[in-house]
Structure formats: structure tokens, C-alpha cells
There are 2 protein chains.
Amino acid sequence: MREGPDIARIASLVGDPARANMLNALMGGTALTASELALEAGVSLPTASSHLSKLMEGGLLTVASQGRHRYYGLAGPQVAGMIEAITGVAEAVGPKRVRPGPRDGAMRIARVCYDHLAGEQAVAMLDRLVDKNILVRDDKEIRLGPSAASHFAAIGIDVYTKPRRPVCRACLDWSVRRSHLAGTLGAAILDKILAEKWARREKDSRAVIFSPPGKQAFERVFLG
Amino acid sequence: MREGPDIARIASLVGDPARANMLNALMGGTALTASELALEAGVSLPTASSHLSKLMEGGLLTVASQGRHRYYGLAGPQVAGMIEAITGVAEAVGPKRVRPGPRDGAMRIARVCYDHLAGEQAVAMLDRLVDKNILVRDDKEIRLGPSAASHFAAIGIDVYTKPRRPVCRACLDWSVRRSHLAGTLGAAILDKILAEKWARREKDSRAVIFSPPGKQAFERVFLG
DNA sequence: CGCATGGTTCGGCCTCCATCGAAGTATTCT
DNA sequence: AGAATACTTCGATGGAGGCCGAACCATGCG
């Protein structure tokens with residue numbers, strides 16, 4: 001009976017279906033109100049409220065009160081990473097749904113992971129950026145390469161505007177089992193993709209769907 | 001209420017304190033028996049057995065039957081990664097009691113594995129014995145070499161007294177991931193080590209701690 | 001063969017917690 | 001101010017699951 005950080009407490013928070021659905025919904029990165037989360041989780045409002053306060057107490061969520069709305073969001077990238085890790089295991093051991101389904105396919109290719117892009121395209125992008133020495137993998141960390149600032153400035157992304165969070169972080173991708181780019185840089189790139197309308201977000205889903213020209217543009221800029 | 005991989009199911013497996021303790025114990029990489037895990041988790045053997053079958057069913061554990069022991073281990077690196085991610089969040093959220101303890105280090109170097117020696121020293125010993133052709137690795141089996149009988153007789157071990165069990169067997173060492181020596185010969189060697197007081201067993205632990213002169217003697221006899 | 005030991009299964013107890021309806025607080029709209 | 005909306009708290013209920021002792025299999029030892 002060894003003691004350590006209370007992993008059971010955290011895991012059991014995620015271990016309730018209603019709460020898991022809520023967290024899943026919040027993985028989209030946008031904060032949601034209590035009512036929306038109740039709907040998402042398929043429970044009544046009082047029940048949802050109870051769950052939300054438990055998640056708050058557990059430190060997994062943050063809340064922002066705006067008027068009579070309370071917007072709940074994930075507490076941070078670390079929490080998002082944990083959810084992704086659990087999802088990966090569930091996917092690997094889970095009873096493998098017979099029909100993959102078109103949405104799952106789209107999710108595999110590109111999806112939102114908290115505030116940045118995940119999926120095959122995101123993994124490919126990180127690979128290419130490391131290949132071109134714009135980013136540098138250092139053991140398990142990712143750092144900016146010498147040409148990073150100028151390269152990203154050229155496409156309208158300033159890598160030094162948000163110094164509070166690490167600029168780059170690796171985030172394990174559950175569908176590909178390899179890392180994609182997180183951190184403020186990852187978030188900025190997702191912003192750019194959506195701002196340029198290269199892709200749109202599937203409604204009520206984390207899937208990100210590129211338009212044909214948008215995909216071309218993305219490949220030219222990040223994979224070229 | 002969206003559908004996806006059943007993350008709640010996996011998380012709730014980790015969400016029980018007893019199971020979390022077991023998984024934590026298995027994070028060291030060494031497979032453990034049901035009894036050891038029961039002790040580790042602070043529950044009775046039947047309770048532990050129930051937890052273990054749930055973890056098995058959930059795909060988080062693998063089991064290797066060796067004789068009347070069943071060694072449970074984590075199902076793979078992905079599971080370990082998930083535990084680590086959860087641990088990270090738990091540590092960030094709830095401070096924080098950590099004592100590394102000298103036991104883990106000692107366990108790595110030398111410990112009891114059922115009735116024989118395991119750990120780095122045991123792996124080194126088997127390597128050396130094979131090197132000197134006293135034992136012969138044949139595929140996955142280990143056989144006695146030509147000089148084995150005389151060599152072990154010289155140090156007071158008769159390799160032919162207990163014919164019912166295989167004299168030599170390979171046993172996978174979970175800390176080093178290489179084989180060490182099991183079978184009656186392995187057991188006899190551990191007996192000798194303890195009888196000669198070259199080492200003592202740590203109380204309530206599998207760790208085996210050599211005294212300085214004991215270690216010298218061991219190295220002279222088995223590694224020289 | 002019979003005994004000892006590691007492990008699992010079974011049955012019953014008991015606690016915990018998810019759930020919802022109803023009532024209570026806060027904020028905005030008119 | 002009064003009504004409507006967003007959310008939380010309270011109380012009661014019911015079901016799920018953790019727990020252990022005892023009995024039951026399996027393997028190894030003499």
C-alpha cells in the first residue's frame with residue numbers, strides 16, 4: 001500500500017459516464033454552459049450541476065461567470081492531455097465498433113484537441129516542421145529552431161506574443177500514437193486555419209474538415 | 001450525449017483506490033503476483049482477485065502463469081503512459097506527498113522471485129555462467145554445460161538432488177527485461193546466498209540486500 | 001496419494017453516489 | 001418592481017459495486 005499523488009481520485013472523476021461526456025465535449029476547446037453540458041451528458045440540470053462542482057473541486061475545470069451564464073472549460077492542457085491518453089487506451093482496448101463511421105474517419109484525419117489541431121494532419125505537420133529544422137525535438141521536448149520566428153512571422157503568426165504558456169509542447173495523438181504540436185504555437189496555428197477558412201468545425205463534434213482549397217493551402221504552408 | 005471510445009469505463013477502472021494502488025505498483029515494470037498486489041492495495045486476496053479480473057477484462061493488464069503463480073503486469077506502454085498522465089494531473093492538482101524510499105532501488109538490484117534471485121545481479125550472474133560455458137542457452141531453454149556438476153559441487157551445490165523440477169529454467173526479469181536463472185538450480189543458489197549470510201531479505205519486501213563482504217563473495221563465486 | 005499453498009468464485013452485507021423533483025438564489029429583461 | 005431565465009442546493013431514493021469469509025479449483029511437494 002504505497003502512497004503517492006491521488007490518482008484514484010482524479011480517475012474516478014473521469015470514470016463517471018456523465019462527467020466523461022462533459023469532459024469529452026469540452027475537449028473541443030470552447031467553454032460551455034451548465035445547461036449545454038447537461039444536454040451533452042444526457043442528465044438533468046441539477047445532476048449536471050453536481051457533477052460540475054465535483055469536477056471543479058477536483059481541479060479539472062475552470063469557470064468564467066458572465067452575467068447569468070457560467071462558462072465551464074478544461075483547466076488546462078495537462079488535463080486535455082490526460083483525457084487524450086485515456087481515450088487512446090479506450091480506443092485500443094475498446095470493442096472496436098464494427099463500422100468505423102464517416103465521423104470517426106474525419107476525426108482521425110483532423111480534430112480539435114483542446115485548443116490546437118490533432119490527428120494525422122497534425123502529426124504530419126509536426127514531422128515536417130521538425131524535418132525542416134523550424135522546430136527542434138530535444139528528447140521529449142520541442143523547441144523553436146533558428147528560423148522559427150521568421151518562418152511563422154511570414155505567415156502571420158507571432159511566436160512571442162503569449163509568453164505565459166510554453167510555446168511548443170508535444171501532445172500524444174490517440175489515433176496515430178505519435179506526437180502533435182500543442183502549446184501557444186499549436187493554438188495559434190489552429191486559429192490561423194480557422195481564420196483563413198481553410199477548414200470548418202463539424203457541428204457538435206471535434207472533427208475539423210478541410211475544404212479542398214483549404215487543404216492545399218495548409219499543405220503548401222506547413223507541409224511544403 | 002455523444003458516442004466514442006468508452007473513456008469512462010477505462011477511467012473508472014483506474015478510479016478505485018485498490019486498483020489504482022495495484023496499477024501504481026505495476027508501474028515499476030516488474031510483474032507481481034495476486035497476493036503481492038493484494039498486500040500492495042491493502043485488500044484481501046479475494047477482493048484483489050476480483051479487481052484483477054476487472055482490470056484484465058478492461059485490457060489494462062496481462063498475466064503470465066508460471067507454475068502456481070500468476071504474474072500480472074501492465075498491458076503495454078500505452079497503459080503506462082495513461083497512468084503517468086493521470087499521475088501528472090493528480091500531482092499538479094493535489095499536493096503532494098512524495099517519498100522515493102530506498103526500497104525501489106534495492107529491488108532493482110536484487111530481489112527474490114518466488115524461490116530464486118532476480119534483478120540486475122541475477123541477470124549478470126546468468127550472463128556470466130553462460131559466458132563461461134557452465135550453462136548453455138539452447139533456444140529459450142537453459143541446460144547444464146559439461147563442467148556444471150563439478151563447478152557447482154565445488155561450492156557446495158549438488159545439481160542432481162531435486163530431479164522433479166527442471167534444474168534450470170529461464171525466468172524473465174521484469175526490471176531488466178532479460179532472463180535470469182530459475183529452476184532448482186536457481187533456488188539452490190538463492191538458498192546458498194542466504195545460508196552463507198551474504199545477503200538478507202528486507203522485511204515485508206522482496207528486496208535482497210547484500211552486505212559488502214557478501215557481495216564480494218558472490219562476485220568471486222558467480223561473476224569471477 | 002495427501003497435504004500445503006496460490007488463486008478464484010460465491011453469497012451476503014453495506015456504503016457510496018448518481019439521479020431527479022422541488023425549492024431556493026442570482027441575474028437580466030421589461 | 002415583477003417576471004423570466006440560468007443555475008445551485010436540498011432531500012429522498014435506488015442501484016451499483018467494493019468488501020470479506022468460506023468454500024472451491026489448481027498446482028506443486030513429499
Side-chain angles (χ1 to χ4, degrees), chain A residues 1 6 8-23 31-58 61-73, chain B residues 1 6 8-23 31-58 61-73 112-116 161-167 169 171 182-184 186-188 191 206:
Chain A
M1 177 120 74
D6 200 347
R9 178 175 145 75
I10 301 299
S12 71
L13 283 174
V14 188
D16 176 82
R19 287 193 292 259
N21 281 332
M22 291 175 170
L23 291 169
L32 299 171
T33 67
S35 327
E36 288 168 329
L37 288 166
L39 192 68
E40 201 70 50
V43 294
S44 73
L45 222 168
T47 303
S49 182
S50 154
H51 285 310
L52 288 171
S53 54
K54 276 170 192 163
L55 288 169
M56 284 294 298
E57 198 182 355
L61 259 42
T62 54
V63 68
S65 293
Q66 276 182 21
R68 56 182 165 183
H69 294 267
R70 312 197 65 185
Y71 286 94
Y72 289 92
Chain B
M1 174 121 72
D6 200 347
R9 178 175 143 74
I10 300 300
S12 72
L13 283 173
V14 188
D16 176 82
R19 286 193 292 259
N21 280 330
M22 291 175 172
L23 290 169
L32 299 172
T33 67
S35 327
E36 288 167 332
L37 287 166
L39 191 69
E40 201 70 49
V43 294
S44 74
L45 221 170
T47 303
S49 183
S50 155
H51 284 309
L52 288 171
S53 51
K54 277 168 193 167
L55 288 170
M56 284 293 297
E57 199 181 353
L61 258 45
T62 53
V63 68
S65 294
Q66 276 184 17
R68 55 181 168 184
H69 293 265
R70 312 197 65 188
Y71 284 93
Y72 288 91
V112 171
C113 174
Y114 181 36
D115 60 358
H116 54 270
T161 44
K162 301 177 183 173
R164 303 274 277 262
R165 250 168 82 198
V167 177
R169 265 189 53 245
C171 182
T184 55
D191 284 348
R206 295 166 59 200

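A, B, ... follow the sequence lines: proteins, then strands. Residue 1 opens every chain. Just so it is clear, the model here is predicted, and its values are computed rather than measured.
Closest of all the heavy-atom pairs between B:Arg19 and B:Ser12 is NH2-O, 3.2 Å. Smallest separation of non-hydrogen atoms from A:Ala38 and A:Ser44: CB-O, 4.1 Å. The two residues B:Leu13 and B:Gly58 come nearest to each other via the heavy atoms CD1-CA, 3.8 Å. Taking both residues in full, the closest heavy atoms of A:Ala18 and A:Ala41 are given as O-CB, 3.5 Å, listed atom of the first, atom of the second, then distance.
A side-chain contact (heavy atoms from CB on, under 4.5 Å) with B:His51 is found for exactly one of B:Asp16, B:Asn21, B:Leu61, B:Leu23, namely B:Asp16.
The distance from atom NE2 of B:His51 to atom P of D:dC20 is 8 Å, rounded to the nearest whole Å. For the pair A:Leu13 CG and C:dA18 C1', the interatomic distance rounds to 14 Å; values are reported in whole Å. For the pair B:Asn21 CG and D:dG18 P, the interatomic distance rounds to 14 Å; values are reported in whole Å. When the C1' atom of D:dG15 is taken as reference, atom CG of A:Asp16 falls 13 Å away, rounded to whole Å. One can place CD of A:Glu36 at 10 Å from P of D:dA6, the figure rounded to the nearest angstrom. For the pair A:Leu39 CG and D:dA6 C1', the interatomic distance rounds to 15 Å; values are reported in whole Å.
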key: Pair A:Thr33-A:Tyr71, side-chain contact (heavy atoms from CB on, under 4.5 Å): steps then yes or no   = CA-CA 5 Å; A:Thr33 67; A:Tyr71 286 94; 3.6 Å; yes
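A close approach under 4.0 Å does not occur between any side-chain nitrogen or oxygen of A:Lys54 and OP1 or OP2 of C:dC17. The phosphate of C:dT5 has neither OP1 nor OP2 within less than 4.0 Å of any side-chain N or O from B:His69.
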Output a table of nitrogen or oxygen pairs between the protein and nucleotides 8-13 of chain C separated by less than 3.5 Å.
unit_1 : atom_1 : unit_2  : atom_2 : d
C:dT8  : OP1    : B:Arg70 : NH1    : 3.3
C:dT8  : OP1    : B:Tyr72 : OH     : 2.6
C:dT8  : OP2    : B:Ser49 : OG     : 2.7
C:dT8  : O5'    : B:Ser49 : OG     : 3.2

